Trainee: 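Following this message is one structure expressed as C-alpha cells.
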2 protein chains.
Amino acid sequence: MQENHYNIPVEATLEVIGGKWKVLILCHLKNKKMRFSELQRAIPQITKKMLTQQLRELEYDGIIIRYVYQQVPPKVEYSLSHTGESLREVLNIMCAWGEKRITNQI
Amino acid sequence: MQENHYNIPVEATLEVIGGKWKVLILCHLKNKKMRFSELQRAIPQITKKMLTQQLRELEYDGIIIRYVYQQVPPKVEYSLSHTGESLREVLNIMCAWGEKRITNQI
DNA sequence: CGGCATCCAGGAAGATACTG
DNA sequence: CAGTATCTTCCTGGATGCCG
C-alpha cells in the first residue's frame, strides 16, 4: 500500500488483487497450497517472470505465504495467508459469477 | 467474449471486469446512473480516452446501458444493465473487503 | 457536453539464457 | 525446481487538439 488515501474503499481491494494474474492465482490457491511449477501448469499462459512477480507482490501485501523447503532440488509452496483467507468470499463470488456467465444463466 | 473456452470459470469474470478501471466505474454506477462528466469527476485520475474506452467495452459486454438524450448540449447517461445488476453482489463484496482492509479489520 | 483522432513515451510483458 | 538477468517488443494509456 503506497497510498493511504483512496477516493473509494474498493480501490484498496484493487490495489491488492488488481494485478493481471492475481485473481487467477488466488483462485487456484484457495483450494490448496501449490508449488511454483504447479501454478505454472495451472496457468499455461503466464510466464515464469510474471508468475514470480505477481507472487512476490501478493506476498508483499500479506495475502499469500511463501514456504521454502530447505532441500535439493528446491521446493516452494504458496498458500493463502490469514488475510488471504479473508478474500475467499470475494474469490468464490467472482468464480460463481463466471460460471453463471459461461452457462448463460445471465 | 473472444474466447469461449477458459481454463477456469473466473476467467470469464476477469474478461468482463478485469480492465484497469472497470470495477471502479461499476462501483459508482451501482449506486446511481451517471453522466460521462460525473464519472470523470468521480474518478479524477482517469482520462477521457480511458473512460470512453472502458465504458465502450462494458457496453459491448452487455454490462452497462448507454442512454443518449437527444438534445443540445449532449447528455449521456450510463447505468447498469440487467446483467450488470447481477454483478452487484461481486461489487459489494469487493467494496466491503476494501473497507475492512483500510480500517485494519484484517 | 461527450466524445474522437493523433501522436508518443514508458512500462508491461515476452523470449531467451543462465544458475544455486 | 524455482527462480534471475537481460534484452527487446508491444501496446496501454497519457497529452493534446478538434468537433457536432
Side-chain angles (χ1 to χ4, degrees), chain A residues 1-3 6-7 11 14-26 28-29 32-61 63-81, chain B residues 1-3 6-7 11 14-26 28-29 32-61 63-81:
Chain A
M1 282 189 278
Q2 302 151 0
E3 301 265 341
Y6 306 97
N7 291 310
E11 291 175 25
L14 294 173
E15 192 173 339
V16 172
I17 63 168
K20 185 172 181 183
W21 304 96
K22 290 183 183 174
V23 169
L24 218 47
I25 291 170
L26 294 173
H28 283 289
L29 290 182
K32 60 177 191 299
K33 53 177 60 172
M34 290 176 79
R35 299 181 62 168
F36 186 88
S37 50
E38 278 185 285
L39 282 167
Q40 255 197 289
R41 275 190 298 276
I43 311 173
Q45 313 94 313
I46 202 172
T47 60
K48 280 196 219 185
K49 191 177 98 177
M50 286 309 301
L51 182 55
T52 304
Q53 199 179 100
Q54 303 275 297
L55 287 170
R56 288 289 178 281
E57 290 178 16
L58 287 169
E59 185 190 6
Y60 178 83
D61 285 330
I63 307 300
I64 62 172
I65 306 284
R66 176 172 183 267
Y67 184 75
V68 183
Y69 291 83
Q70 292 301 339
Q71 63 178 51
V72 177
K75 175 175 174 180
V76 180
E77 274 186 345
Y78 294 91
S79 58
L80 293 187
S81 69
Chain B
M1 282 187 278
Q2 302 150 0
E3 301 266 342
Y6 306 98
N7 291 310
E11 291 175 23
L14 294 172
E15 193 172 339
V16 171
I17 62 169
K20 186 172 180 182
W21 304 96
K22 290 183 183 175
V23 168
L24 219 47
I25 292 170
L26 293 173
H28 283 289
L29 291 182
K32 61 177 191 298
K33 53 177 60 172
M34 292 176 77
R35 300 181 61 169
F36 187 88
S37 50
E38 278 185 285
L39 283 167
Q40 256 196 289
R41 276 190 299 276
I43 311 173
Q45 314 94 311
I46 201 172
T47 61
K48 277 200 227 183
K49 191 176 99 173
M50 286 310 300
L51 182 53
T52 303
Q53 198 178 101
Q54 303 275 296
L55 286 170
R56 288 289 176 282
E57 290 178 14
L58 287 169
E59 186 191 5
Y60 178 83
D61 285 330
I63 307 299
I64 63 172
I65 305 286
R66 177 172 182 265
Y67 184 75
V68 183
Y69 291 83
Q70 292 300 340
Q71 64 179 50
V72 178
K75 175 175 173 180
V76 180
E77 274 187 345
Y78 295 91
S79 58
L80 293 187
S81 69

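Everything numeric in this text was worked out from a predicted model, so none of it was measured.
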Trainee: Using whole Å, what does the distance between atom C1' of nucleotide C:dG20 and atom NZ of A:Lys75 come to?
Mentor: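 So the two atoms are 19 Å apart, to the nearest Å.
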
Trainee: Report the distance from atom CH2 of A:Trp21 to atom CG of A:Leu55, rounding to the nearest 0.5 Å.
Mentor: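 Going from CH2 on A:Trp21 over to CG on A:Leu55, the span is 12.5 Å.
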
Trainee: Provide, to the nearest angstrom, the distance between the NZ atom belonging to A:Lys22 and the P atom belonging to C:dA13.
Mentor: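 From A:Lys22 NZ to C:dA13 P: 10 Å.
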
Trainee: Indicate whether OP1 or OP2 belonging to C:dG2 is found under 4.0 Å from a side-chain N or O atom of B:Tyr67.
Mentor: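 No, outside the criterion.
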
Trainee: Ignoring backbone atoms, test whether B:Arg66 places a side-chain nitrogen or oxygen under 4.0 Å from the OP1 or OP2 oxygen of C:dG2.
Mentor: no

Trainee: Is the shortest side-chain heavy-atom distance between A:Arg56 and A:Gln53 below 4.5 Å?
Mentor: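 A:Arg56 vs A:Gln53: side chains apart.
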
Trainee: Once you round it to whole Å, what is the distance between P of C:dG3 and CD of B:Gln70?
Mentor: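 Distance check: B:Gln70 CD to C:dG3 P gives 12 Å.
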
Trainee: For the residue pair B:Ile64 and B:Glu59, what are the closest heavy atoms and their distance?
Mentor: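 For B:Ile64 versus B:Glu59, the nearest heavy atoms are CG1-N, 3.6 Å.
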
Trainee: Do A:Asp61 and A:Ile17 come within less than 4.5 Å of each other through their side chains, counting heavy atoms only?
Mentor: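 Answer no - side chains too far apart.
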
Trainee: Looking at residues 36-51 of chain A, who's got a heavy atom less than 4.0 Å off DNA chain D?
Mentor: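 Output list: A:Phe36, A:Ser37, A:Lys48, A:Lys49.
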
Trainee: Show which side-chain atoms of residues 32-46 of chain A pair as donor or acceptor with protein atoms under 3.5 Å away, not counting sequence neighbours.
Mentor:
unit_1	atom_1	unit_2	atom_2	d
A:Glu38	OE1	A:Arg35	N	2.8

Trainee: Rounding to an integer number of Å, can you tell me how far B:Leu55 CG sits from C:dG3 P?
Mentor: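 After rounding, the reported distance stands at 7 Å.
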
Trainee: Using the closest heavy atom to pick a nucleotide of DNA chain D for each, name whichever of A:Arg56 or A:Pro73 lands nearer the 5' end.
Mentor: A:Pro73

Trainee: Separation of B:Gln71 atom CD from C:dG3 atom P, in whole Å?
Mentor: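 Computing the B:Gln71:CD to C:dG3:P distance gives 13 Å.
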
Trainee: Within the structure shown, what part of the strands sits under 4.0 Å from B:Tyr78 by heavy-atom distance: base, sugar-phosphate, or nothing?
Mentor: sugar-phosphate

Trainee: Could you tell me how far apart A:Ile64 (CD1) and D:dA2 (C1') are, to the nearest whole angstrom?
Mentor: 14 Å

Trainee: Return the value, rounded to whole Å, for the distance between atom NZ of A:Lys20 and atom P of C:dG11.
Mentor: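 In whole Å, C:dG11 P and A:Lys20 NZ are 18 Å from each other.
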
Trainee: For the side chain of B:Glu11 and the backbone of B:Tyr6, is there at least one donor-acceptor N/O pair under 3.5 Å apart?
Mentor: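 No; zero donor-acceptor contacts below 3.5 Å.
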
Trainee: With rounding to the nearest 0.5 Å, note down the distance linking CE in A:Met50 to NZ in A:Lys20.
Mentor: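 Atom-to-atom, A:Met50:CE and A:Lys20:NZ are 7.0 Å apart.
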
Trainee: Within the structure, does a side-chain N or O atom of A:Arg35 lie under 4.0 Å from either OP1 or OP2 of D:dA2?
Mentor: yes

Trainee: Between A:Tyr69 (OH) and D:dA2 (P), how many Å, whole number?
Mentor: 11 Å

